[in-house]
Amino acid sequence: MSFFKQLWKAMLKDESKSQEAIVEAYPENNESPSLQHTLEQFDNCADLVHRTYPKLQVDIVYFSPMMDMDKLTRDVLTPLLQAGEAEVSDVLEQSQFSKNEDSKQIVKGILSGQAAIFYGQSAYLVDVFGPESRAVTQSETETVITGPHDAFTERAGTNLALIRSRIRSSHLKVIRLSVGEVTKTDVFILYIEGIANMDYVHEAISRIKAIEMDAVYDTSMLIQCIEDSPKSVFPQFITSERPDAIASKLVSGRVVGLCDGSPSAFSAPTSVFEFFSSSDDYYQRWMVGTGIRLLRFVAFIITVAFTALYVSVTTYHYEMIPENLLIPLTESRSRVPFPPLYEALLMETTIELLREAGARLPTKIGQTIGIVGGIVIGQAAVQAGLTSNILIIAVAISAISSFVIPSYAMSGSIRIIRFGIIVLAGIWGNFGIAIGFTAIIIHLGGVLSLGTSYLTPIAPFKFRDWKDTFIRAPFFILDERPTQTKTPNRIRQKPRR
């Protein structure tokens, strides 16, 4: 026990040292800004540019990779160089130059992509941020057949522009926060004033402000720090790369978050049923959208239970197999040396390996590996007597069904759940499958999303929300916003019939 106590004290000591180092790197003093102090903060930074103009008594400091050089030349260098020595102060009084008396803010501004201008005893910041960025392209993870095809990029400014181009309202509010003791990542909270419940807005902001991490790089990292149930396998915030999907969440009364450097946004609160809806549902005829949405729920049952049902039936419940199928199944399993449980786990693991290999390899090679590898390995496994033909079919159908679910985060959670259900089926048969589904329902009943029930509109029971949960009703029937948002403006504007 004394060894563990010493180890714990050493860890606490190292942690305090690291915190002291962070404080030194980001001083809290509010001393007057000076050129010398700023250059000392950026010592050994090869990408820092320091331009000096002795005749004008002006110094300009900025990071060259973060600059829009055309904007820097047009808005800063040209006006200053064309001005005489007596006119420099008049130029710096223009609106694009922001005078700042705080040394810490000057350093932070330079790190954020601004240029710092030192003139006499004064310092100014000017926004000339404009690094190279990826163009707006189509989302590769949320493809649709009809509807818009643009997607978010890694630039938060571009993403905000994509949202504002769809919601042209002064009621769309944006709050800027900073996350990460070292990275100082910009996070933007969006909501529509008069529609969003302000309790949810304040709760989301307070949770983000309470994050204590050195670095946050992506929206997926951010939401893991503010979830209600971090130990749950289920995602509690919807993430999307589609501006139209995020705009619809805002209009429905939800809170949206953007993380600079991430091509996705999150919305909250959410329910488990929202992960089975897609933007495509609203761009197609309502009957087609309803049929596809119901198909996704069927796919969820298949991907979770189909392989487990095979294990259960072939291990304990042969009486459930039709007579015409019993003989072929017996012949197929006669050469397999493993119990059905081991056989199923082996094939499911193989499918997951192929899936991950296809996702990590380049696109053209990955597709070839996934198709050829699945066919070759499946056929070879049957001929070698490692598995049966029927299990290959069951595993393939389960894998295909998992791809029907539009949310990749939910699809990954279901893949983990499937292994647990298979193990329960191998131990207790159909009773084990029933235990597994019961445990899932009980667990979902205890999960919260921004303090709201994850099973809305089942628990609490809100039947009027079913018309946009299990089905996609016509637009003239969708006259109310979801009850989960607790919006003060519940009624939507209905289209004319």
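Note that the coordinates shown come from a computational prediction; the quantities given were computed from them, not determined experimentally. Quick note: numbers below take in every heavy atom, side chains included, and nothing from hydrogens, waters or symmetry partners.
Within the cation-pi definition used here (under 6.0 Å to the ring centroid, within 45° of the axis), R51 does not qualify as a partner of Y62.
For K173, the NZ atom sits in a packed shell: over 12 heavy atoms of surrounding residues, nucleotides or ligands are nearer than 6.0 Å. Within a 6.0 Å radius of CZ in F297, other residues, nucleotides and ligands contribute more than 12 heavy atoms. The number of heavy-atom neighbours closer than 6.0 Å to CZ of R464, taken from other residues, nucleotides and ligands shown, is above 12. The neighbour count for K71 NZ, taken as heavy atoms of other residues, nucleotides or ligands under 6.0 Å away, is above 12. More than 12 heavy atoms of other residues, nucleotides or ligands sit less than 6.0 Å from atom NZ of K467. Shown here is E40, whose CD atom has more than 12 heavy atoms of other residues, nucleotides or ligands within 6.0 Å.
The two residues F152 and P263 come nearest to each other via the heavy atoms CB-O, 3.3 Å.
Under the 4.5 Å side-chain criterion, counting only non-hydrogen atoms from C-beta, V126 is in contact with V76. In this structure, the side chains of Q57 and V88 stay at 4.5 Å or more apart for every pair of heavy atoms. For the pair L448/Y454, no side-chain contact is recorded, criterion being any heavy-atom separation below 4.5 Å from C-beta on. Counting heavy atoms from C-beta on, the side chains of L80 and Y53 never come closer than 4.5 Å.
Note that CZ of R164 is 7.0 Å distant from CG of L190, once rounded to the nearest 0.5 Å.
Annotation: side chain to side chain contact (heavy atoms under 4.5 Å, CB included) contacts of T141 (sequence neighbours excluded): S139, E241. Residues forming a ring-ring contact (aromatic ring centres under 6.0 Å, His included) with F63 (at least two apart in sequence, or on another chain): F42. Shown here are the salt bridge (Lys or Arg N to Asp or Glu O under 4.0 Å) partners of R168, two or more places apart in sequence or in another chain: there are none. Judged as a salt bridge (Lys or Arg N to Asp or Glu O under 4.0 Å), and not counting sequence neighbours, the contacts of K99 are E101.
Under a 4.0 Å N-O distance rule, the pair D228/R207 qualifies as a salt bridge. Comment: K249 engages E274 in a salt bridge, judged by a side-chain N to carboxylate O separation of less than 4.0 angstrom. Between D214 and K184 there is no salt bridge, since no side-chain N of the basic residue sits under 4.0 Å from a carboxylate O of the acidic one. Comment: D102 does not engage K104 in a salt bridge, judged by the lack of any side-chain N to carboxylate O separation of less than 4.0 angstrom. Contact check on E348 versus R355 returns no salt bridge, with no Lys/Arg side-chain nitrogen under 4.0 Å from an Asp/Glu carboxylate oxygen.
D218 and S220 share a donor-acceptor pair across their side chains, judged by distance under 3.5 Å alone. Defined by atom type and a distance below 3.5 Å, a donor-acceptor pair is present between the side-chain atoms of D59 and T52.
A ring-centre distance under 6.0 Å is found for F300 and F276.
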Under 3.5 Å donor-acceptor pairs involving side-chain atoms of residues 284-294, not counting sequence neighbours:
from : atom 1 : to   : atom 2 : distance (Å)
T290 : OG1    : W286 : O      : 2.8
T290 : OG1    : R472 : N      : 3.0
T290 : OG1    : R472 : O      : 3.0
R293 : NE     : D281 : OD2    : 3.2
R293 : NH1    : D468 : O      : 3.1
R293 : NH1    : D468 : OD1    : 3.4
R293 : NH1    : I471 : O      : 3.1
R293 : NH2    : D281 : OD2    : 3.2
R293 : NH2    : Y282 : OH     : 3.4

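The ring-ring contact (aromatic ring centres under 6.0 Å, His included) pairs that include a residue from residues 237-261 are F237-F266, where partners are two or more places apart or lie in different chains.
Among the candidates D75, L125, V91, the single residue satisfying the side chain to side chain contact (heavy atoms under 4.5 Å, CB included) test with F97 is V91.
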